[in-house]
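All residue numbers in this chain count up from 1 along the given sequence. From a predicted model like this one, the values you see are computed outputs, not experimental measurements. Both backbone and side-chain heavy atoms feed into the values below; hydrogens, waters and symmetry mates do not.
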Amino acid sequence: MTPVIAFDRVTKRYGDSKSLDALDLQVPPGEVLALLGHNGAGKTTAMKLILGLIVPSEGEVRVFGSSPQNAEASQLRHRLGFLPENVGFYEQLSGREVLDYFARLKRTDRRQIDGLLEQVGLGAAANRRVKTYSKGMRQRLGLAQALLGEPQLLLLDEPTTGLDPAATRDFYTTIEALRARGCTVLLSSHVLPGVEPYIDRALILGAGRRLALGSIDELRQQAALPLTIRVKG
Ligand code: ATP
């Protein structure tokens, strides 16, 4: 089976420093993988490579079996959903209008908008202006935006940073439903606690290198992980 994401000894350099260093990774279809690490570990760099926004200095990235730089832009756009860190919206628009705007931008079917708003728990708030939304509601609107076009791969860059535990749970409840439908999800986080019930495996990055990769049970065996991402036994 072709992996959805494949990194083959991928290095990304900026000047003399390496943001990613000879990273190997294969993400099979339907997997929910957490990308964990401290500030500057290389999480966003990995996502930008998958999106085709930057190119590797060495090695190869393949997404759905093709290089993201060479893949037809429209083809990838429909297969991939992205929620950036600190997503911003036009505050004066309602949640429904925001999705309408993004649906036009992505040239996806606008008839899915109401279903998506329901799916992320914003059905009742669809006509309220975004400026009245809580941070958790904004993140769920961002998720709905990423889900336009029914992508098979979802990239979520630190989606629950700054959310309280209840908002974090609400967010991941939607991810659970996507996982059940076979969507592949890559999500980054500084911390593992709170994320672990929802993921299949975690990749722990440190200074661009792979420190560990495995299921929560496998990671529990490893004592040498950074403190904030150490797995409780
Ligand atoms: P954070 O949790 O802070 O978002 P991250 O794990 O996402 O961190 P990256 O943003 O991937 O980390 O950055 C990895 C390293 O690459 C950092 O040292 C960063 O300063 C460096 N870096 C990233 N983008 C650039 C750039 N455009 N030019 C120079 N250095 C960069």
Side-chain angles (χ1 to χ4, degrees), residues 1-63 67-68 80 82-86 153-163 165 168 171-172 175-176 179 183-233:
M1 197 172 355
T2 311
V4 174
I5 299 169
F7 277 51
D8 182 13
R9 294 199 65 77
V10 172
T11 294
K12 180 64 190 174
R13 281 199 184 81
Y14 289 103
D16 289 339
S17 65
K18 290 179 183 173
S19 298
L20 281 185
D21 191 358
L23 182 66
D24 282 320
L25 175 68
Q26 298 218 328
V27 183
E31 179 165 88
V32 179
L33 178 79
L35 206 53
L36 302 173
H38 297 310
N39 288 114
K43 305 179 297 293
T44 303
T45 301
M47 292 205 178
K48 284 186 189 169
L49 286 161
I50 294 164
L51 289 161
L53 297 174
I54 55 175
V55 293
S57 310
E58 287 158 40
E60 190 181 43
V61 175
R62 297 186 89 74
V63 181
S67 161
L80 210 153
F82 177 46
L83 174 59
E85 198 181 350
N86 302 319
L153 170 62
L154 204 53
L155 303 182
L156 309 172
D157 200 356
E158 301 192 24
T160 54
T161 300
L163 297 192
T168 300
F171 186 91
Y172 284 122
I175 302 298
E176 288 263 83
R179 177 206 220 170
C183 185
T184 308
V185 181
L186 183 66
L187 63 97
S188 71
S189 177
H190 281 199
V191 290
L192 185 58
V195 175
E196 71 247 63
Y198 308 101
I199 61 172
D200 296 306
R201 288 192 302 165
L203 165 65
I204 301 180
L205 284 174
R209 298 187 73 90
R210 177 166 132 175
L211 299 181
L213 173 67
S215 66
I216 300 298
D217 282 347
E218 287 161 350
L219 294 177
R220 276 200 184 105
Q221 323 282 329
Q222 307 198 21
L225 300 177
L227 271 179
T228 51
I229 44 185
R230 191 163 292 163
V231 186
K232 291 189 201 113

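A side chain to side chain contact (heavy atoms under 4.5 Å, CB included) with L154 is found for one member of T184, V32, V185, L83 and no other, namely V185. Applying the side chain to side chain contact (heavy atoms under 4.5 Å, CB included) test between E85 and each of T44, T161, L156 identifies T44 as the sole match.
Among all heavy-atom pairs drawn from A46 and L35, the shortest one is CB-CD2, 4.1 Å. Closest approach of L205 and G42 over heavy atoms only: CD1-C, 3.9 Å. Between P159 and S188, the shortest heavy-atom contact is CD-O, 3.4 Å. Annotation for V191 and L36: closest pair O-CD2, 3.8 Å, computed over non-hydrogen atoms. Between A202 and I199, the closest heavy-atom pair is CB-CD1, 4.0 Å.
Formation of a donor-acceptor pair under 3.5 Å by the S57 side chain with backbone atoms of R13 is found in this model. Distance alone, capped at 3.5 Å, is enough to place a donor-acceptor pair between the K12 side chain and the V55 backbone.
Listed by chain and number, the residues in a ring pair (Phe, Tyr, Trp, His ring centres under 6.0 Å) with F171 amount to none (sequence neighbours excluded). Among residues two or more places apart in sequence or in another chain, the side-chain contact (heavy atoms from CB on, under 4.5 Å) test is passed with T2 by none. Residues satisfying the ring pair (Phe, Tyr, Trp, His ring centres under 6.0 Å) test with F82, not counting sequence neighbours, are none.
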Name every donor-acceptor pair, under 3.5 Å, that has one atom in a side chain of residues 21-29 and the other anywhere in the protein, sequence neighbours excluded.
residue : atom : partner : partner atom : Å
D21     : OD2  : R209    : NH1          : 2.6
D24     : OD1  : R9      : N            : 2.7

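Here the CZ-CG distance, from R201 to L219, works out to 10.0 Å after rounding to the nearest 0.5 Å. Summarising the geometry, atom CD1 belonging to I50 is positioned 5.0 Å from atom CG belonging to L186; distances are rounded to the nearest 0.5 Å. One distance of note links CG of L187 with CG of D157; it measures 10.0 Å at 0.5 Å rounding. Between I175 atom CD1 and C183 atom SG the span is 8.0 Å, to the nearest 0.5 Å. Separation of atoms CD1 (I54) and OH (Y14) is listed at 3.5 Å; rounding is to 0.5 Å. Note that CG of L51 is 5.5 Å distant from CG of L80, once rounded to the nearest 0.5 Å.
Residue pairs that meet the salt bridge (Lys or Arg N to Asp or Glu O under 4.0 Å) test with at least one member in residues 32-49, sequence neighbours left out, are K43-E158. The list of ring-ring contact (aromatic ring centres under 6.0 Å, His included) pairs with a residue in residues 198-222, not counting sequence neighbours, reads Y172-Y198.
The residues R62 and D8 are annotated as not salt-bridged, no charged nitrogen and carboxylate oxygen being separated by less than 4.0 angstrom.
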